[in-house]
Amino acid sequence: MGDYYEAQDEFMKDTLKELGSFTVIKNRNNLNYIVLGLAVLIGVGSIYYTNIIADQLKKRERNQIELFAKTLETIANDNSEYNENVMLLFEEIVVANETIPVIVTYKDGNPKIHKNVKIPQGLTSEEVNNFLKEEIENMRSQYTPIVIANKNNEGEVFNYEYIFYKDSFLLTQLQYYPYVQLSVIAVFFILSYLSFSYSRAAEQNRVWVGLAKETAHQLGTPLSSLMAWLEYMKSDPELENRDITRELDKDIKKLELITNRFSSIGSVPVLQEENIFDVIRSSINYLQTRISSKVKINLHQESEEVKAKINKPLFDWVVENICKNAVDAMSGVGVIDIYVQCSPEGNIIIDISDSGKGIPKNLIAQIFQPGFTTKRRGWGLGLTLVKRIIENYHRGKIFIKSSEVNTGTTFRIMLNG
Ligand SMILES: Nc1ncnc2c1ncn2[C@@H]1O[C@H](COP(=O)(O)OP(=O)(O)OP(=O)(O)O)[C@@H](O)[C@H]1O
Ligand SMILES: [Mg+2]
């Protein structure tokens with residue numbers, strides 16, 4: 001009988017592996033990196049490109065101001081009739097500049113004329129003057145002013161004027177634009193990712209619960225019929241004390257346990273206050289007879305009584321899965337130490353240590369993922385189930401406290417006290 005089940009199990013695992021469900025995780029990881037790489041490339045690219053455009057615009061604005069300065073200088077120093085034409089040109093240039101804020105000052109720094117500087121409404125002339133002076137300081141911190149030299153007829157410089165200016169609003173916007181744009185896109189992607197992973201988790205939940213419910217339901221019918229048969233056998237004095245009846249009884253109990261677990265996973269499990277120490281001890285007693293006799297499981301209790309609200313069938317499943325992994329990791333020879341203690345905050349801490357082969361650092365992040373296994377005949381579902389039971393059903397935590405290759409691994413479970 002056993003051989004038959006093993007062969008069937010093997011067949012199912014091979015089929016699943018062929019279906020490629022195990023490579024999906026690796027591909028998904030690679031895809032994540034590719035998407036991340038692309039996003040960084042697009043971000044850097046767009047900032048770089050806008051910077052180039054901003055630089056060009058900056059150069060153009062500088063040229064415009066210089067032209068403005070030259071025109072002012074020419075007007076100031078040229079008294080010929082040609083001046084009229086220059087005046088016209090000046091008008092054109094000054095009027096054409098609708099964007100670059102400019103202030104022309106006298107030698108002593110007092111503002112003479114200004115253009116495109118937004119002055120708040122309702123200021124007195126003194127306040128306007130102060131405002132312009134502040135603005136001049138602001139402009140000075142951005143660009144050194146351009147000097148206009150006023151010359152007399154002999155060409156001697158007799159006065160100076162300065163042109164202060166700063167980046168146009170357009171240019172300022174252009175410099176910030178990629179960052180604003182990228183932040184908006186990033187927020188959008190984070191929100192979409194969150195909603196996507198939320199719906200994926202919800203879908204996974206439905207699959208887990210649905211499958212578990214269906215399994216419990218399917219097992220239920222033949223199980224009750226088997227139980228009836230067993231009762232019948234027990235009532236027959238000839239069969240009552242035969243090995244077959246005893247073995248059948250054991251198998252039915254095991255089937256009942258499995259059905260119980262699946263139906264707990266498939267419904268909102270009832271949590272009851274239990275003595276954790278007692279629960280683990282009974283779990284160990286059950287396991288000890290089913291694993292290699294060269295594996296010793298020790299239970300250490302650090303506190304007097306440790307109670308927590310748990311669902312016993314599911315919690316048993318957790319202990320069983322972790323211990324079975326430990327036995328596999330030790331190749332059937334070694335020690336498993338289980339420590340139960342109360343943290344100062346009142347949480348219950350359960351550490352399960354083995355003296356097995358350990359988990360390489362680069363694999364630690366993956367061991368709770370469904371389908372991850374390093375075993376030839378593994379499903380890679382044991383720890384996924386354990387994590388679900390602890391985190392979703394008990395609102396606790398499970399993680400690897402420590403693991404060293406060739407030395408051993410310690411899993412830590414934390415439950416709310
Ligand atoms: N105590 C441990 N020591 C070393 N490696 C471990 C230990 N526990 C888990 N692992 C690693 O984590 C992997 C995933 O474990 P998990 O229980 O989820 O799946 P599995 O044991 O491979 O298959 P199954 O679904 O049959 O339990 C294992 O294949 C093993 O590589
Ligand atoms: Mg396992």
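For the single chain, residues carry numbers from 1 onward in sequence order. Please read all numbers here as calculations on a predicted model, not as lab measurements. As the structure lists them, so they are numbered: ligands from 1, and atoms in each ligand from 1.
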(Q) Closer than 4.0 Å to some heavy atom of Ile359 - which atoms of ligand 1 meet that? (A) 4 (C), 5 (N), 6 (C)
Q: For Tyr393 and Trp317, run ring-ring contact (aromatic ring centres under 6.0 Å, His included): C-alpha distance rounded to whole Å, both residues' side-chain angles, the deciding distance at 0.1 Å, then the answer.
A: CA-CA 13 Å; Tyr393 295 78; Trp317 211 355; 9.9 Å; no
Q | Enclosure of Glu273 CD (heavy-atom neighbours >12, cutoff 6.0 Å) | A | yes
**Q.** Gly378, any N or O under 3.5 Å of ligand 1 N or O
**A.** no
Q) Hey, is NZ on Lys254 packed in by over 12 heavy atoms from elsewhere, all under 6.0 Å? A) yes
**Q.** More than 12 heavy atoms of other groups within 6.0 Å of Arg242 CZ
**A.** no
Q. Can you tell me if Gly380 has a non-hydrogen atom under 4.0 Å from ligand 1?
A. yes
Q.
Please report the interatomic distance CZ(Phe68) to CD1(Ile65), rounded to the nearest 0.5 Å.
A. 6.5 Å
Q) Any N or O on Thr384 sitting closer than 3.5 Å to an N or O of ligand 1? A) no
Q: Please check if the side chain of Glu127 supplies one atom and the backbone of Thr124 the other of a donor-acceptor pair under 3.5 Å.
A: yes
Q) Is any N, O or S atom of Thr373 under 2.8 Å away from the Mg ion (ligand 2)? A) no
Q) With a cut-off of 6.0 Å (strictly less than), are more than 12 heavy atoms of other residues, nucleotides or ligands near CZ of Arg246? A) yes
**Q.** Enumerated ligand 1 atoms positioned under 4.0 Å from heavy atoms of Gly382
**A.** 16 (P), 17 (O), 18 (O), 24 (P), 25 (O), 27 (O)
**Q.** Proximity to ligand 1 by part of Thr409, non-hydrogen separation under 4.0 Å
**A.** side chain
Q. Is the charged tip of Arg290 near the ring of Tyr286: under 6.0 Å from the six-membered ring centre and within 45° of its axis?
A. yes
Q: Using heavy-atom distances, let me know which of Thr410, Ile367, Ile336 sits nearest atom 11 (C) of ligand 1.
A: Ile367
Q) Between Asp328 and ligand 1, is there a nitrogen or oxygen pair with a distance under 3.5 Å? A) no
**Q.** ligand 1 to Phe411 polar contact by distance, N or O atoms, under 3.5 Å
**A.** no
(Q) Closer than 3.5 angstrom, by distance alone: can the side chain of Ser224 be matched with the main-chain N or O of Gly220 as a donor-acceptor pair? (A) yes
Q: Taking only heavy atoms of Gly358 into account, list the atoms of ligand 1 that are under 4.0 Å away from them.
A: 4 (C)
Q | Test applied, side-chain contact (heavy atoms from CB on, under 4.5 Å); reference residue, Ile113; option that passes from Val102, Ile103, Val104 | A | Val104
Q. Counting heavy atoms only, which of Val386, Leu383, Thr374 is nearest atom 18 (O) of ligand 1?
A. Leu383
Q. Where on Asp354 is there a heavy atom closer than 4.0 Å to ligand 1, on the side chain, on the backbone, on both, or on neither?
A. side chain
Q: Measure the CG-CD1 distance between Leu223 and Ile252 for me, rounded to the nearest 0.5 Å.
A: 7.0 Å
Q | Sub-3.5 Å N/O-N/O distance, Thr373 and ligand 1 | A | yes
**Q.** Polar proximity ligand 1 side, Arg377 side, N/O cut 3.5 Å exclusive
**A.** no
(Q) Are any of the N/O atoms on Lys357, whether in the backbone or the side chain, positioned under 3.5 angstrom from an N/O atom of ligand 1? (A) no
Q: Indicate yes or no: does an N/O atom of Ala329 lie under 3.5 Å from an N/O atom of ligand 1?
A: no
